[in-house]
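In what follows, a structure is listed as structure tokens, so that the remarks can point back to it.
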Amino acid sequence: MAEAYRFQGVGRDLQKDLLGQWYQRLENAPRTGTPVAYLFISGNIGELLRSFGFELVFPEVNALQCGVKKVAGDFILKAEDLGYSSDVCGYVKNDIGLAASGNRGPFGTLPKPDLLVCTYSGCNTYIKWFEALAELYGARLFMLDVPYRRTGEQELQQDRDYVVAQLEQLAEVCAELTGRPYNPDHLSELLENSRQAEELWVNILHSARHRPSPFDAYFEAVFFMAPIYVLRGMPECVEYYRAAAQEIEERITHRLGPVSEERFRIVLEGPPPWPHFRTFWELFKRWGVCCVASTYSKVGGIWDFGFRHDPSRPLESLAEYAMNCYTNWGWQLRRRMMERYVKDYQADALVIHSVKSCRSFSVGQADVREYFTKECDLPTLFVESDLADPRYFAEAQIRNRIDAFFEALEHRRVAGPHPGRA
Amino acid sequence: MRAVVGIDLGSRMTRGVLLDEHGRVQAQAARETGSRLEQAAQAVLEELCRCVGAKPEDVVYLASTGYGRYRVPFRQIQITEMTCHAMGALWLFPRTRTVLDIGAMNSRAIRIAENGRVVAFRMNDRCASGAGRFLERVAKALEVSLPEVGELSLRSQNPQPISSICAVLAESEVINHVTAGASVEDILRGAHNSIAERLVALVRQVSPQPEITLTGGVTKNSGMVQALEERLKTKLNVSPQSEWAGALGAALLARTRCQRLQSTAPEARNRTLASSVADPLSA
Amino acid sequence: MAKPNGSWQKAASWEELVTACRPLVTDVSFPTVEAWKEMHPGGKAIACFPVYTPQEVLAAAGALPVTVYGARGQVEIDHADSRIQSFVCSIARSTLELGLVGRARSLDGLIVPSICDVARNLSGVWQRNFPGQFVFYLHLPQNPESAAAIAYYRSELGRLRREVGEWVGRAPTDEALREAIRTYNRNRELLDSLHQRRVEAPEQWPAAGVYVLAAAGNVLPRAEHNALLEKALELGAARRAPQRDTVRVLLRGAFCEQPPLELLEVLEEAGCAVVNDDLQVGSRFLLGPVRADGDPLAALAEAYLRESVLTPVNHPGKRSRSVDLLERVQAAAAQGVIFASPKFCEPALYDSVLLKQVLERAGTPYLEFEYEEKMTVFETVRMQAETFVESILFFSEKS
Amino acid sequence: MLAAGVDVGSTTTKAALIDENKRVVALALVDTGANVVRAAERALHTALTQAKVEEWDVAYTVGTGYGRYRVPFGDLQVTEISCHAKGANFIFPATRTILDMGGQDTKAIRVGPDAEVKDFCMNDKCAAGTGRFLEAAAEVLGLKLEELGEVSARAKKSLKITNVCTVFVEQEIVMHLARGCPVEEILAGLHWTIAGRSIGLLRRVGLESEITFTGGVARNSGVVRALSERLGARLNVAPESQHIGAIGAALFAWERAAHGAVSQRNNQSRALGPVPGGN
Ligand SMILES: Nc1ncnc2c1ncn2[C@@H]1O[C@H](COP(=O)(O)OP(=O)(O)O)[C@@H](O)[C@H]1O
Ligand SMILES: Nc1ncnc2c1ncn2[C@@H]1O[C@H](COP(=O)(O)OP(=O)(O)O)[C@@H](O)[C@H]1O
Ligand code: SF4
Ligand code: SF4
Ligand code: SF4
């Protein structure tokens with residue numbers, strides 16, 4: 001369809017180009033002598049590091065890429081050969097396996113870290129992960145200790161101050177490593193770029209409120225969100241979302257959407273099964289399912305409830321950002337988010353994809369399901385597999401669940417008891 | 001003569017090996033274990049003595065191993081299969097560094113040091129998807145005798161993949177293949193492959209090092225050996241004797257132990273190895 | 001069925017004492033807590049998730065802190081299976097089960113420290129399922145070197161003091177806190193000497209027994225536990241133990257979810273003399289006494305950040321888990337290390353990988369296996385332990 | 001007018017015929033074997049001959065069961081989950097939770113008042129605790145499947161079974177027998193274990209009474225007893241429990257027919273769901 005319209009496909013293509021260029025810069029970093037920091041997606045305070053001229057590596061994104069490119073399995077096995085249990089996070093194993101293979105992946109060769117910045121926003125596993133990398137590379141590890149958003153509570157002043165204090169220390173460390181002084185003005189410029197990109201990104205997310213939705217907030221969002229995660233603060237990131245916004249606009253005007261006929265609108269909780277991403281998507285597409293909101297697209301930051309990076313309060317807003325990534329939220333906050341999505345985006349159902357790797361996501365999901373089925377009478381589908389380990393994806397079983405689930409939804413909806421479509 | 005004996009009470013076979021004072025193998029004996037373990041052990045011991053024309057009291061030290069190791073009343077010591085198979089395998093193939101023992105019920109991967117010390121090991125419990133009984137069931141389902149399965153599988157033209165990892169469900173899958181008209185050879189090969197997959201996964205967990213020696217009844221199965229070699233990308237040591245590895249190892253360890261005890265102070269001699277205080281099985 | 005507190009006072013021998021305390025480990029209807037409540041009408045009992053809970057603050061508020069190690073394999077998991085996925089450790093599931101089936105009725109609240117992803121989310125799940133209860137999520141700083149950390153943790157403890165205070169209707173005074181600190185210091189001191197004796201004479205102080213006596217403290221007021229430990233030290237010294245041919249091992253990984261007692265006994269039967277372990281380390285996670293003068297909360301915060309036992313769930317900062325392990329091996333003259341991790345306990349599973357490499361380099365033999373609190377068959381463990389013992393006994397120069 | 005439902009299970013294939021008044025007029029049961037289509041046809045024909053009718057008397061046929069993945073047959077495919085819900089609701093209208101224990105998998109399904117599936121989960125990767133598990137046990141104990149129930153009923157106490165693996169449990173049974181433990185106590189233990197596993201699944205979908213127990217294992221009164229004991233609740237068990245999937249399928253067929261859908265057994269039948277050009 002890309003031919004018929006002007007902007008269709010730009011989101012995907014431009015995203016590919018930008019990531020390609022970024023990985024190219026990384027590949028060159030050793031030669032250009034650019035300092036390299038490893039960092040996580042959740043609580044990604046990359047702007048601060050970029051303000052010191054660091055190039056950033058995101059091990060999670062590498063793991064994700066390996067998953068999509070179907071090489072994760074080998075790296076994971078390699079890590080298990082090194083002694084890692086089959087029961088620990090597949091992302092970590094993928095990354096360790098990658099490192100043990102000379103850091104050469106489908107995206108090229110990655111530079112070694114000069115600094116490891118562990119943000120404790122995503123999960124505890126982050127800490128174990130970078131402890132291992134610190135051992136492996138003998139690189140300096142900075143722990144950015146981000147307190148968890150206690151269930152139901154307001155963000156605590158003490159927590160914010162604590163994170164800010166640590167960011168100041170991080171700035172000192174960076175200055176020491178790069179020989180550059182901390183430059184708040186430069187940081188603010190980067191944060192201004194972030195703010196603009198966030199503004200545009202939120203509009204795209206909200207566009208899913210249209211019927212039919214022009215945009216799949218899960219299966220497409222995972223591509224559209226990449227730049228705001230890995231390139232936030234850079235001008236090209238803002239450019240990207242301008243372009244993407246045009247594509248979405250065009251889709252709205254022509255009533256284009258991810259599925260030719262939108263029959264079900266779902267909210268999706270949990271990460272995708274990367275090694276089987278396409279298959280997984282198809283299983284939903286067959287039923288004309290469009291995901292109108294997802295929690296996974298918030299692991300790297302929650303902007304659709306109003307938060308923006310604030311150039312006038314650089315460190316404070318970085319701290320607030322870091323504390324408000326999805327998996328740093330307690331159960332009640334997560335539940336409220338999903339509840340709001342179901343309402344605002346008029347979803348017919350909640351689909352929970354529970355992944356073995358990620359206890360940070362998974363623990364509590366069964367209660368989420370119980371809450372929505374019992375207390376909100378919202379149809380909820382629960383499927384289990386994994387986000388990185390191809391071994392845990394049982395297609396027949398998952399297909400069976402999805403089919404039965406939408407059969408039932410259709411059965412509920414269609415006048416006349418026929419469970420399927422004629 | 002002064003002899004030492006090792007007895008391996010396996011779930012199916014009981015095997016015994018007798019060494020003379022110079023550590024030379026003088027006799028081997030085996031018989032079905034059956035349900036009366038003590039008797040099986042007794043019979044094997046007598047058999048061994050008969051072979052070398054010795055009296056039971058000539059046996060100065062006896063070590064038992066295998067799952068019935070605690071059921072040998074006249075043992076001086078019991079030693080686990082792991083330790084014994086390691087020793088036995090090393091005796092059979094002195095450059096062994098990894099042992100893969102595939103029994104009917106459990107499979108074990110063992111990494112050992114030059115001197116036979118067990119460095120790391122894993123065994124499958126809980127799930128039978130990677131042990132010999134799997135093949136027995138498949139053989140039964142296909143109405144071929146166990147000794148044939150290996151050879152047959154090697155004649156396979158296009159192996160039938162077995163999708164289920166479960167030994168039990170795989171069995172019904174096999175039956176389906178049969179009725180669907182797949183050849184016995186292809187089905188067998190499929191079964192061998194799927195077990196091999198799981199065994200390789202087990203071996204990986206001990207970070208194997210060459211040479212790898214295969215022990216246990218499955219060594220009789222050439223198809224299994226090849227399936228494993230393909231996946232481990234290395235030649236495996238297989239000896240017709242390898243089913244004796246357990247008993248052999250027990251005998252060798254019995255000998256070292258007995259020598260040690262004589263060299264150490266007498267009061268130390270009547271010390272027992274802690275584990276021989278209790279018989280967990282009768283508990 | 002355990003007799004409530006007091007039954008242990010009559011014990012005339014080490015064996016009797018252990019037998020008297022054994023039910024306190026396994027009886028998850030918490031009879032001693034019931035008993036305490038009868039003696040303290042209106043008193044609150046607060047469950048503490050195993051590791052790093054500053055119980056002093058709760059005790060100072062007049063509440064009874066109870067360290068809950070799941071259901072100790074004593075309760076059929078019927079409800080929680082549907083709430084906590086199969087790939088999560090058992091303690092999370094069984095702790096929830098206790099609540100869901102009302103076994104923990106005598107407990108009025110739960111303190112969850114931020115030890116891992118499971119614990120982090122469990123706090124919210126608990127709050128949802130037991131809205132009436134006092135649920136406190138305690139953030140343990142993971143950045144020990146940061147100058148901000150102590151101040152932050154002190155404020156976090158302040159939050160605990162305030163909220164517990166409001167809840168029990170009595171905010172702990174500084175003096176009450178200092179008093180609690182003294183009692184807990186004494187408790188740590190006694191626990192340490194108990195474990196120290198074991199290093200000197202493992203036959204004399206068998207691991208399972210030591211474990212049971214330490215475990216009694218989880219469900220008893222500290223003062224009472226102190227008395228119990230003093231008695232234990234006397235009786236233990238008077239004990240005559242048989243000489244056995246064993247291997248001295250250091251047990252590692254069981255810092256949170258606990259293995260069944262049988263597992264320890266199996267290890268001993270197999271010939272392992274456990275001379276150092278991190279079992280129930282939550283009751284002895286401070287390496288030294290806490291200052292009992294000055295600002296008590298600051299003292300607690302400092303103690304935690306400066307000298308708490310390294311486990312897989314506290315980032316060591318400049319300290320090193322590897323060095324720590326090797327030092328412990330040496331101090332305990334251990335011949336080998338056993339990594340026993342709870343199944344699906346990610347933190348423990350990550351650490352063992354790195355620590356095993358360290359031991360390989362140091363040439364220290366090790367064994368690794370996983371356990372579950374609800375396990376009932378120990379044959380595999382026995383087999384592994386025996387093999388491990390043999391690998392040392394037969395091949396080491398001594399013996 | 002007749003409507004037919006065929007449930008090709010992993011172990012057995014069931015067929016059900018219902019007439020225009022939704023009365024069940026015939027039920028058939030055959031072993032599935034490898035050839036799904038043949039099994040389906042055999043089952044259907046057995047049912048037809050039972051009802052003394054001809055194939056063209058059947059207005060519409062719905063196929064279900066795991067077989068439908070391998071070969072679609074009948075006029076329409078519906079998942080066994082929907083069919084069990086339908087069938088259970090038909091026989092026990094107050095059903096809210098269904099436990100279906102088949103030969104190789106166990107399913108727990110929660111349904112609404114008019115049989116719509118609200119939630120479900122299944123275990124089908126491991127034969128532990130499935131009908132197959134009981135078949136194996138019966139074999140080792142030298143009993144017929146039919147006998148399992150009564151025999152275990154004689155048990156004074158039930159033995160603790162430690163293995164769940166179908167293969168290992170055989171070994172364990174042999175060991176218990178060798179130790180002279182009474183057969184009925186072993187059996188009771190097995191039923192207790194199986195019940196435990198299924199209850200896990202049931203809780204996962206959220207238990208709501210009434211609970212209906214379907215699938216072949218429901219014919220084993222020992223399991224029924226163990227379940228109701230451990231749940232502290234009674235279960236609906238229909239004499240035709242093993243056929244409930246097929247009956248559900250037949251009901252769907254009936255509704256299709258009633259809505260004027262015509263059978264087209266001759267031309268390619270379609271699988272459910274996909275939007276034409278949906279991707
Ligand atoms: N003649 C044979 N040919 C091929 N495989 C065999 C033969 N004999 C035994 N096996 C295999 O070896 C297994 C038994 O091995 P064994 O070591 O005797 O078991 P265990 O020691 O546990 O009793 C059987 O399950 C079978 O798969
Ligand atoms: N008469 C019977 N008594 C007890 N159990 C039975 C009986 N008939 C079948 N079963 C059990 O039912 C199982 C088959 O159930 P079924 O629902 O037909 O399987 P599926 O639907 O997967 O083909 C068998 O494995 C057996 O355990
Ligand atoms: S997948 Fe989950 S556990 Fe793994 S690193 Fe990401 S957030 Fe952490
Ligand atoms: S056992 Fe491990 S994973 Fe489970 S709660 Fe404790 S620390 Fe967390
Ligand atoms: S998968 Fe099969 S072999 Fe493995 S435990 Fe389950 S039943 Fe046993």
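Quick caveat: nothing in here was measured; it's all calculated off a predicted structure. Protein chains get the first letters and strands the later ones, always in sequence-line order, with residue 1 at the start of each.
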Side chain / backbone / both / neither for [X] at chain C, heavy atoms under 4.5 Å:
X         : answer
Asp161(A) : neither
Phe382(A) : side chain
Arg334(A) : side chain
Val164(A) : neither

Verify whether one side chain among Asp145(A) and His139(C) offers a donor that lies under 3.5 Å from an acceptor in the other.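 Note: Asp145(A) and His139(C) side chains meet the donor-acceptor criterion.
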I'd like to know if the side chain of Glu384(A) pairs up with that of Gln85(C) as donor and acceptor (distance under 3.5 Å, no hydrogens or angles considered).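 The criterion, which ignores hydrogens and geometry beyond distance, is not satisfied for Gln85(C) and Glu384(A).
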Can you say whether [X] sits under 4.5 Å from chain A via the side chain, the backbone, both, or neither, judging by heavy atoms?
X         : result
Ser82(C)  : backbone
Ala92(C)  : neither
Glu370(C) : side chain
Ala119(C) : neither
Glu156(C) : both

Heavy-atom pairs under 4.5 Å with chain C, option from [options] with the top count:
options                                    : result
Cys358(A), Ser354(A), Gly364(A)            : Ser354(A)
Arg359(A), Gln166(A), Gln169(A)            : Arg359(A)
Ala165(A), Ala366(A), Gly122(A), Pro147(A) : Pro147(A)

Identify the two heavy atoms, one from [X] and one from [Y], that lie closest to each other, and give their separation to 0.1 Å.
X         : Y         : answer
Glu131(A) : Pro316(C) : OE2-CD, 3.5 Å
Ser322(C) : Glu135(A) : OG-OE2, 4.3 Å
Arg159(C) : Gln158(A) : NE-NE2, 4.1 Å

Mind checking the CG-CZ spacing from Asp386(A) to Phe87(C)? Nearest 0.5 Å is all I need.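 Between atom CG of Asp386(A) and atom CZ of Phe87(C) there are 8.5 Å.
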Roughly how far, to the nearest 0.5 Å, is CG of Leu156(A) from OG of Ser155(C)?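 So the OG of Ser155(C) and the CG of Leu156(A) are separated by 8.5 Å.
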Identify the residues of residues 78-94 of chain A whose heavy atoms come closer than 4.5 Å to a heavy atom of chain C, ordered by number, or report 'none'.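 Those residues of residues 78-94 of chain A which have a heavy atom under 4.5 Å from chain C are Leu82(A), Gly83(A), Tyr84(A), Ser85(A), Asp87(A), Val88(A), Cys89(A), Val92(A).
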At a heavy-atom distance under 4.5 Å, which candidate from Val135(C), Leu122(C), Ile115(C) has the highest pair count against chain A?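 Heavy-atom pairs under 4.5 Å are most numerous for Ile115(C).
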Among Arg321(C), Glu368(C), Arg128(C), single out the residue with the greatest number of heavy-atom pairs under 4.5 Å to chain A.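 Result: the option with the highest number of such pairs is Arg128(C).
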Salt bridge check, Glu346(C) against Lys356(A): does any charged N sit closer than 4.0 Å to a carboxylate O?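 No, no charged N to carboxylate O under 4.0 Å.
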Does any part of the side chain of [Y], heavy atoms only, come nearer than 4.5 Å to the side chain of [X], both counted from C-beta?
X         : Y         : answer
Asn328(A) : Arg120(C) : yes
Asn143(C) : Tyr162(A) : yes
Met143(A) : Glu145(C) : no
Lys128(A) : Pro312(C) : yes
Thr125(A) : Asp117(C) : yes

Determine the sole option in Phe361(A), Tyr148(A), Trp331(A) for which the side-chain contact (heavy atoms from CB on, under 4.5 Å) test with Asn121(C) is passed.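 Answer to the side-chain contact (heavy atoms from CB on, under 4.5 Å) test with Asn121(C) among Phe361(A), Tyr148(A), Trp331(A): Tyr148(A).
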